Peer 1: 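Sharing a structure with you now.
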Protein chains: 2
Amino acid sequence: MATLTEIARRAGVSVSVASRVLNGDPNLRTRPETRERVVQAAKDLNYTANYAGRALRLARSKALALIVPDVSTPLFADLLAGAADASGEQDHTLLLGRSDRVTAGGDLVRRLVGEGRVDGFVLQRSDDLSDQALENLVANDARIVLVASRTPRRRGSVVLDDVAGGRLATEHLLALGHRRVALIGGVERSDIARRREQGYTEALHDAGLRKRDAWVTRLGYSPDVAAAAARSLMATSPAPTAIVVANVNGAIGALTALRQGGFDIPGDVSVIAIHDQWMAAHTWPPLTTVKMPFYEVGYLAVRLLLDQLAGAPAEDIVVRDPAPLLILRESTGAPNSAV
Amino acid sequence: MATLTEIARRAGVSVSVASRVLNGDPNLRTRPETRERVVQAAKDLNYTANYAGRALRLARSKALALIVPDVSTPLFADLLAGAADASGEQDHTLLLGRSDRVTAGGDLVRRLVGEGRVDGFVLQRSDDLSDQALENLVANDARIVLVASRTPRRRGSVVLDDVAGGRLATEHLLALGHRRVALIGGVERSDIARRREQGYTEALHDAGLRKRDAWVTRLGYSPDVAAAAARSLMATSPAPTAIVVANVNGAIGALTALRQGGFDIPGDVSVIAIHDQWMAAHTWPPLTTVKMPFYEVGYLAVRLLLDQLAGAPAEDIVVRDPAPLLILRESTGAPNSAV
DNA sequence: CTGAAAGCGCTTACAG
DNA sequence: CTGAAAGCGCTTACAG
């Protein structure tokens, strides 16, 4: 790899000048011809500034990390794409880490910033972690923005409009004529789950209906857990005629359980999920979903992070644009027996 | 962040000594008590060596990158986990990049190594790229190992035993009594696709059967494309009674198309896929698959990369252990009409 | 057993 | 308009 010194020698200038023209220093006054020689030399030698040298001098790595608990769902790809695009636009490199380690990312965060490998983080918490534990772990550090989930006290976050998502899903079912609408929710400690349930509750309330405890589960999003939840829901009496599942992967599991239980969908029960992903078009029946703007969450999170790194105050953003979008497929329909 | 100088001062030693005890220099002879003071000081100040300083001095970043074309499939998570584990064991940080850019990763590779941000790469090529183009892009650089797919001339790769995978899938169908077995394969330029087809062909041949051109498609792995392939296969006459789909995501698409076409699975057609992922248990019917050791590919790839970086000759590895594994679910059965 | 010094590649005030 | 020099934090041969 060519160094600045070599470029300078080849162009017949000092390294100072070489550095300045290559970095586009606005205070630099130079003959066009000199500048030209430097640029040409850099091109000839295929020069890229050594990152360690620059980082050492600037005390800035120009790298950001995205830390997520689960990399195995297509949803993550949207988040990553958004974060990567924003990073690229601002001339930063984006690294990726998993936070499924014991300390839920705290260790990783400390190590990466401690070493100066990255300037800041976008962190998606794992549901295993309590608000308190998370706050202790990451404190109110401007170098960290939380994504998807937030805590009561910590500043610096960007989340989906989960209330609107839960509401839209529920309203769709209500509009179809359902009156017995259940919810397969996330775990209690998850604020995502709480906000989606809030949307569900509000929609019910607006329709003059009351939330029934027997019709909401708060066991989590994994396919197996949601499958068990669906079975228990259908065992209540009267059973619901429609279910909103707070997460698409859970909905896929619920569908399997319902089918195995002999239920016709949507004849016996309608199912709608929050979040969309390609698989939803390939379940049986194809799953009606509410698409949430996860790309935008990733995008805005790195924008916010970079702003905070530049000294701007921490913000807490709810992504309302684009709004949650109903993707109509075949798992929802009018209730069979208008009660 | 504390620096080495601060540690040294606090411990009352020179930075040389501090550096050496912290790095466990075996040539260092020191009083246990001195060593103790340094360790304590580092702990007190929560010291982590600044990475840029070290990288600059050592001309080694101790970071590796994994570059993949698609991050949105659960298969990728296995590859990543393997690569991350191997990196961690060898005290390296693993970064992630997508290669779905114009230059299919060439740019990214050049930039990251050019800057010295990473010491080497594990690269999964995109199928969009020809062997020739890939070879030109990455040449025979010891800092790059290819994963999943390889090219005729380039050295340094680790791939699955795709022949065995294709063979196992086909043999399962044959053992069930099928004689009209079709293949939904990948694109022609993909060597993965070629090897899987080879396994299919061999299994047919061993059973005294000949491959029929009308029963093999080579259109690719995406769910939509495989769906179209399934439709066209079922329109041949006689139609196949069983299909091996060379990729699980494609199989999910094929299942949807067959179901929509009114075919009973496995009554009218059996379907088996190569690769397993959680979704396969939630399709309708649940999909029989051949599980391939993708975690191990990731793991061995970084081992190989680190060896190459240390000067070992390039190798081309086929992961045979664990062997492809049949995961029996409900999409395969005996043919309805024993012809 | 321990320390002073050089140097990795870079940027930037400062001097001319 | 251009250059010499300092210094970011680290490791390591070398000297004592």
Side-chain angles (χ1 to χ4, degrees), chain A residues 1-39 41-42 45-63 91 111-119, chain B residues 1-39 41-42 45-63 91 111-119:
Chain A
M1 299 292 93
T3 83
L4 232 209
T5 311
E6 300 176 53
I7 304 299
R9 184 175 321 130
R10 178 178 250 258
V13 298
S14 69
V15 297
S16 330
V17 171
S19 171
R20 282 180 283 219
V21 344
L22 262 13
N23 288 308
D25 179 346
N27 296 323
L28 177 64
R29 198 124 319 177
T30 197
R31 284 204 298 262
E33 163 203 335
T34 309
R35 153 171 273 114
E36 183 47 46
R37 281 208 316 277
V38 172
V39 170
L45 267 33
N46 195 11
Y47 175 73
T48 7
N50 176 282
Y51 149 69
R54 174 177 281 172
L56 187 54
R57 175 62 224 239
L58 264 23
R60 258 320 205 110
S61 68
K62 286 221 171 200
D91 196 27
R111 187 164 63 81
L112 289 177
V113 306
E115 287 180 334
R117 265 187 208 275
V118 302
D119 298 326
Chain B
M1 299 292 94
T3 84
L4 233 209
T5 310
E6 300 176 53
I7 304 299
R9 183 174 324 128
R10 179 178 251 258
V13 298
S14 69
V15 297
S16 332
V17 171
S19 171
R20 280 180 285 219
V21 345
L22 261 13
N23 287 309
D25 180 346
N27 295 324
L28 178 64
R29 198 123 322 176
T30 197
R31 283 204 300 262
E33 164 203 335
T34 309
R35 154 171 274 116
E36 183 48 46
R37 280 208 316 277
V38 172
V39 170
L45 268 33
N46 195 10
Y47 175 73
T48 7
N50 176 283
Y51 150 68
R54 175 177 281 171
L56 186 55
R57 175 63 223 240
L58 264 22
R60 257 324 203 104
S61 69
K62 287 221 171 197
D91 196 26
R111 186 163 63 81
L112 289 177
V113 307
E115 287 180 333
R117 263 186 210 275
V118 302
D119 298 326

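None of the values given here were measured: they were computed from a predicted structure. Convention: sequence-line order gives letters A, B, ...; per-chain numbering from 1.
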Peer 1: What residues, two or more places apart in sequence or in another chain, satisfy side chain to side chain contact (heavy atoms under 4.5 Å, CB included) together with E36(B)?
Peer 2: Q40(B)
Peer 1: How does DNA chain C look in dot-bracket notation if pairs are Watson-Crick or G-U with both distances under 3.5 Å, crossing ones as [ ], other-strand ones as |?
Peer 2: |||.||||||||.|||
Peer 1: Determine, for nucleotides 10-16 of chain D in 5'-to-3' order, which nucleotides have protein heavy atoms under 4.0 Å from the base (write B), from only the sugar-phosphate (write S), or from neither (write -).
Peer 2: BBBBB--
Peer 1: By side chain to side chain contact (heavy atoms under 4.5 Å, CB included), which residues pair with R29(A), not counting sequence neighbours?
Peer 2: none
Peer 1: Please report the distance, rounded to the nearest Å, between CZ in R9(B) and P in dA4(C).
Peer 2: 13 Å
Peer 1: Not counting sequence neighbours, which residues clear side chain to side chain contact (heavy atoms under 4.5 Å, CB included) with A8(B)? List them please.
Peer 2: V13(B), V15(B), A18(B)
Peer 1: Go through residues 29-39 of chain A and report each residue with a non-hydrogen atom lying under 4.0 Å from DNA chain C, sorted by number.
Peer 2: none
Peer 1: Go through the structure and list residues passing side-chain hydrogen bond (donor to acceptor under 3.5 Å, both in side chains) with R10(B), not counting sequence neighbours.
Peer 2: D44(B)
Peer 1: Report the residues that fulfil salt bridge (charged side-chain N to carboxylate O under 4.0 Å, His left out) with R35(A), sequence neighbours left out, ordered by chain and then residue number.
Peer 2: none
Peer 1: Would you indicate which nucleotide in dG9(D), dG3(C), dG3(D) comes nearest to any side-chain atom of L56(B)?
Peer 2: dG9(D)
Peer 1: Name all pairs fulfilling the side-chain hydrogen bond (donor to acceptor under 3.5 Å, both in side chains) condition that reach into residues 46-59 of chain B, sequence neighbours left out, sorted by first residue then second.
Peer 2: N23(B)-R54(B)
Peer 1: With no hydrogens and no angle check, is any side-chain donor or acceptor of S61(A) less than 3.5 Å from a backbone partner on R117(A)?
Peer 2: yes
Peer 1: Please name all residues satisfying side-chain hydrogen bond (donor to acceptor under 3.5 Å, both in side chains) with R9(A), sequence neighbours left out, ordered by chain then number.
Peer 2: none
Peer 1: Under the rule for side chain to side chain contact (heavy atoms under 4.5 Å, CB included), what residues qualify as partners of R20(B), not counting sequence neighbours?
Peer 2: S16(B), D25(B), L28(B)
Peer 1: Mind listing the closest non-hydrogen atom pair of A42(A) and I7(A) along with its distance?
Peer 2: CA-CD1, 3.7 Å
